[in-house]
Amino acid sequence: TQKISAAIVGYGNLGKSVEKLIAKQPDMELYGIFSRRDSLETDAAVYPVAEAAEHKDKVDLLFLCLGSATDIPEQAASFAENFTTVDTYDNHHLIPAHREKMDAAAKAGGTVAMISTGWDPGMFSINRTIGEALFPNAQQNTFWGPGLSQGHSDAVRRVEGVKAGVQYTLPKEEALQAAKEGRGDEITGANAHRRRVVAVADEADQERIRQEIVSMPDYFEPYETTVEFVSQEVFDREHQGMPHGGHVITSGDLGGTHSSVEFTLELERNPDFTAASQLAYGRAAVRMAREGRTGAVTVLEVAPYLLSTASLDELVARDI
Ligand SMILES: NC(=O)C1=CN([C@@H]2O[C@H](COP(=O)(O)OP(=O)(O)OC[C@H]3O[C@@H](n4cnc5c(N)ncnc54)[C@H](OP(=O)(O)O)[C@@H]3O)[C@@H](O)[C@H]2O)C=CC1
Ligand SMILES: N[C@@H](C[C@H]1CC(C(=O)O)=NO1)C(=O)O
């Protein structure tokens with residue numbers, strides 16, 4: 001069958017990883033990259049993002065590799081009106097609103113909007129749902145890190161005056177241990193993690209920037225957050241790695257016996273794994289669109305076989 005003609009919006013960390021991994025998909029080919037900038041370090045075709053709609057008949061799938069803090073809320077729906085899209089929107093508190101907005105846009109456009117793929121949201125979401133479904137009164141905790149959160153780093157970079165910025169998420173060891181021992185009932189995401197921001201900014205702006213970050217709703221306000229400022233030279237030398245990972249731990253009693261389930265990720269480079277998830281769910285989005293599905297779709301609604309290039313019969317013989 002015809003290869004999926006895929007395009008990327010937003011040539012940042014995630015966009016570069018999607019480009020790298022599309023080349024390894026037997027059923028996809030890269031149509032090009034839509035960017036605000038007119039020249040990128042790539043061999044792929046580059047088009048002005050403002051003209052994306054003109055290419056709608058040549059693109060089966062649009063990877064939205066935009067920031068979640070402001071780009072996705074401002075831009076994603078307009079893409080969904082013209083393309084089947086897949087995004088990694090991760091401001092959990094606002095995902096229901098994002099879903100409604102993308103559902104309306106995709107239904108109007110007769111497209112599928114596959115939303116909030118990646119690992120959290122994404123792979124962790126599926127594990128949370130399955131974990132809760134298996135245990136009548138599940139004890140469930142999610143941990144991230146230690147590592148670099150791209151969503152929180154994006155949010156930091158959008159604060160006026162921040163010239164460069166990253167955010168490391170640090171789980172508290174005692175919380176992780178308690179969860180592993182089934183004592184996680186008082187543990188929440190907020191009290192189980194510290195958030196460490198490292199940024200470059202002019203001295204005069206630093207106090208305002210610190211206040212804006214630590215009080216930022218959803219992203220930082222609920223957490224113990226530190227903000228340190230370094231020179232551009234130190235930033236470039238010491239803050240380029242993007243390792244990450246985490247765990248979803250679910251446990252409980254099943255009629256008198258104890259069971260626990262752990263789903264763990266260890267990621268050398270966060271954008272690469274996120275891109276791998278976005279690609280697989282992009283494949284599923286095209287398949288669902290070809291079956292006539294329109295509107296927003298979440299990872300909880302995607303049958304796993306739709307993620308794979310293997311046929312269902314092959315998967316039944318190999319994986320069940
Ligand atoms: N669900 C999950 O598990 C995960 C989700 N994510 C999400 O992926 C998002 C993207 O991460 P990442 O690739 O590191 O972010 P980057 O900042 O590296 O890239 C964002 C891209 O958006 C484009 N863009 C469009 N409008 C703007 C604007 N006004 N200002 C700046 N850039 C703009 C830019 O591309 P251009 O200049 O080419 O137009 C930019 O490169 C994160 O915000 C996060 O929410 C990330 C990891 C995991
Ligand atoms: N969406 C996250 C993926 C994970 C990482 C994370 C965190 O460190 O708070 N939450 O979810 C990201 O952008 O990296």
Side-chain angles (χ1 to χ4, degrees), residues 7-20 32-42 44 46-50 52 63-76 78-79 86-95 98 114-128 142-160 162 164-171 189-190 192-197 218-220 222-223 225 240 242-248 265 267 269-278 280-281 298-299:
I8 293 166
V9 177
Y11 200 58
N13 301 311
L14 181 60
K16 293 183 183 85
S17 292
V18 169
E19 177 190 38
K20 176 171 72 173
I33 299 168
F34 294 111
S35 173
R36 297 166 306 153
R37 293 167 288 163
D38 51 18
S39 65
L40 304 176
E41 293 277 305
T42 176
V46 178
Y47 305 102
V49 66
F63 287 93
L64 302 186
C65 298
L66 301 160
S68 294
T70 55
D71 306 339
I72 290 283
E74 291 166 359
Q75 304 176 39
S78 64
F79 291 113
V86 51
D87 70 49
T88 62
Y89 181 70
D90 65 358
N91 185 352
H92 293 264
H93 175 63
L94 297 180
I95 287 177
H98 176 58
M114 183 68 70
I115 66 163
S116 297
T117 70
W119 56 284
D120 200 357
M123 309 310 291
F124 275 17
S125 313
I126 294 163
N127 279 275
R128 283 191 284 263
T142 298
F143 293 92
W144 311 289
L148 177 135
S149 170
Q150 291 172 246
H152 294 81
S153 301
D154 168 61
V156 164
R157 286 194 292 271
R158 299 310 169 91
V159 172
E160 185 66 36
V162 171
V166 288
Q167 190 265 204
Y168 302 107
T169 310
L170 309 166
H193 299 86
R194 286 191 304 105
R195 295 192 179 281
R196 177 190 173 216
V197 173
D218 300 336
Y219 285 94
F220 295 102
Y223 297 88
T225 302
Q240 298 307 309
M242 297 187 184
H244 213 343
H247 317 268
V248 173
L265 293 178
L267 313 179
R269 188 164 168 74
N270 188 351
D272 288 346
F273 186 81
T274 303
S277 172
Q278 192 178 15
Y281 281 95
T298 68
V299 297

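The residues of the chain are indexed from 1 along the displayed sequence. Counting starts at 1 for both ligands and their atoms, following the listed order.
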Which protein non-hydrogen atom lies closest to [atom], naming both residue and atom, and how far is it?
atom                    : answer
atom 8 (O) of ligand 2  : T169 OG1, 2.5 Å
atom 38 (O) of ligand 1 : S35 OG, 2.7 Å
atom 9 (C) of ligand 1  : L66 O, 3.3 Å
atom 6 (N) of ligand 1  : T88 OG1, 3.6 Å
atom 3 (C) of ligand 2  : D120 O, 3.4 Å
atom 44 (C) of ligand 1 : D90 OD2, 3.3 Å
atom 22 (O) of ligand 1 : D71 OD2, 3.4 Å
atom 3 (O) of ligand 1  : W119 N, 2.8 Å
atom 1 (N) of ligand 1  : T117 O, 2.9 Å
atom 34 (C) of ligand 1 : R36 NH2, 3.6 Å

Which of parallel (below 30°), tilted (30 to 60°) and perpendicular (above 60°) describes W119 and F124?
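Ring orientation, 0 to 90° scale: perpendicular.
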On the 0 to 90° scale, with breaks at 30° and 60°, tag the Y89-H98 ring pair as parallel, tilted or perpendicular.
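Ring orientation of Y89 relative to H98: tilted.
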To check you understand the geometry: which heavy-atom pair defines the closest contact between [X] and [Y], and what is its length?
X    : Y    : answer
D38  : V46  : O-CG1, 4.5 Å
F220 : T225 : O-OG1, 3.5 Å
S125 : D120 : OG-OD1, 4.5 Å
M123 : Y281 : SD-CE1, 4.3 Å
Q278 : C65  : OE1-SG, 3.8 Å

Taking only heavy atoms of [X] into account, list the atoms of ligand 1 that are under 4.0 Å away from them.
X    : value
R37  : 36 (P), 37 (O), 38 (O)
G118 : 1 (N), 2 (C), 3 (O)
P121 : 1 (N), 2 (C), 3 (O)
D154 : 43 (O)
G12  : 13 (O), 18 (O), 19 (O), 41 (O)
C65  : 20 (C), 21 (C), 22 (O)

Report the member of [options] with the shortest heavy-atom distance to [atom].
atom                    : options                : value
atom 43 (O) of ligand 1 : A275, A69, S68         : S68
atom 47 (C) of ligand 1 : Q150, Q75, Q278, H152  : Q150
atom 10 (N) of ligand 2 : W144, Y168, F143, F273 : W144
atom 9 (O) of ligand 2  : M242, H193, R195       : R195

Within ligand 2, which atoms have a heavy atom of [X] less than 4.0 Å away?
X    : result
G151 : 12 (C), 13 (O)
D90  : 1 (N), 2 (C), 12 (C), 13 (O)
H152 : 9 (O)

Indicate yes or no for a side-chain donor-acceptor contact from R128 to the backbone of T142 under 3.5 Å, with no hydrogens or angles considered.
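No, R128 side chain to T142 backbone: no donor-acceptor pair under 3.5 Å.
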Would you confirm whether S153, through its side chain, and V166, through its main-chain N or O, come within 3.5 Å as a donor-acceptor pair?
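No.
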Spatial distance of atom [atom1] ([X]) from atom [atom2] ([Y]) [nearest 0.5 Å]:
X    : Y    : atom1 : atom2 : value
T88  : Q150 : OG1   : CD    : 7.5 Å
D154 : L14  : CG    : CG    : 11.0 Å
T42  : I33  : OG1   : CD1   : 4.0 Å
S68  : D87  : OG    : CG    : 7.0 Å
N13  : M242 : CG    : CE    : 3.5 Å
Y219 : R195 : OH    : CZ    : 10.5 Å

Indicate, as side chain, backbone, both or neither, the part of [X] found under 4.0 angstrom from ligand 2 when only non-hydrogen atoms are considered.
X    : answer
H244 : side chain
W119 : side chain
N270 : side chain

Within a 6.0 Å radius of atom CD on E160, are there more than 12 heavy atoms belonging to other residues, nucleotides or ligands?
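No, the 6.0 Å shell around CD holds no more than 12 heavy atoms from other groups.
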Does atom CZ (R158) have a neighbourhood of more than 12 heavy atoms from anything else shown, all under 6.0 Å?
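Count over threshold, so yes.
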Whether R157 lies under 4.0 Å from ligand 1, heavy atom
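Yes, that is the case, since the closest heavy atom of the residue is under 4.0 Å from the ligand.
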Within-shell test, M242 vs ligand 1, heavy atom, strictly < 4.0 Å
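No heavy atom of M242 comes that close to ligand 1.
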Say whether T274, considering both its backbone and side-chain N or O atoms, lies within less than 3.5 Å of an N or O atom on ligand 1.
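There is no such contact.
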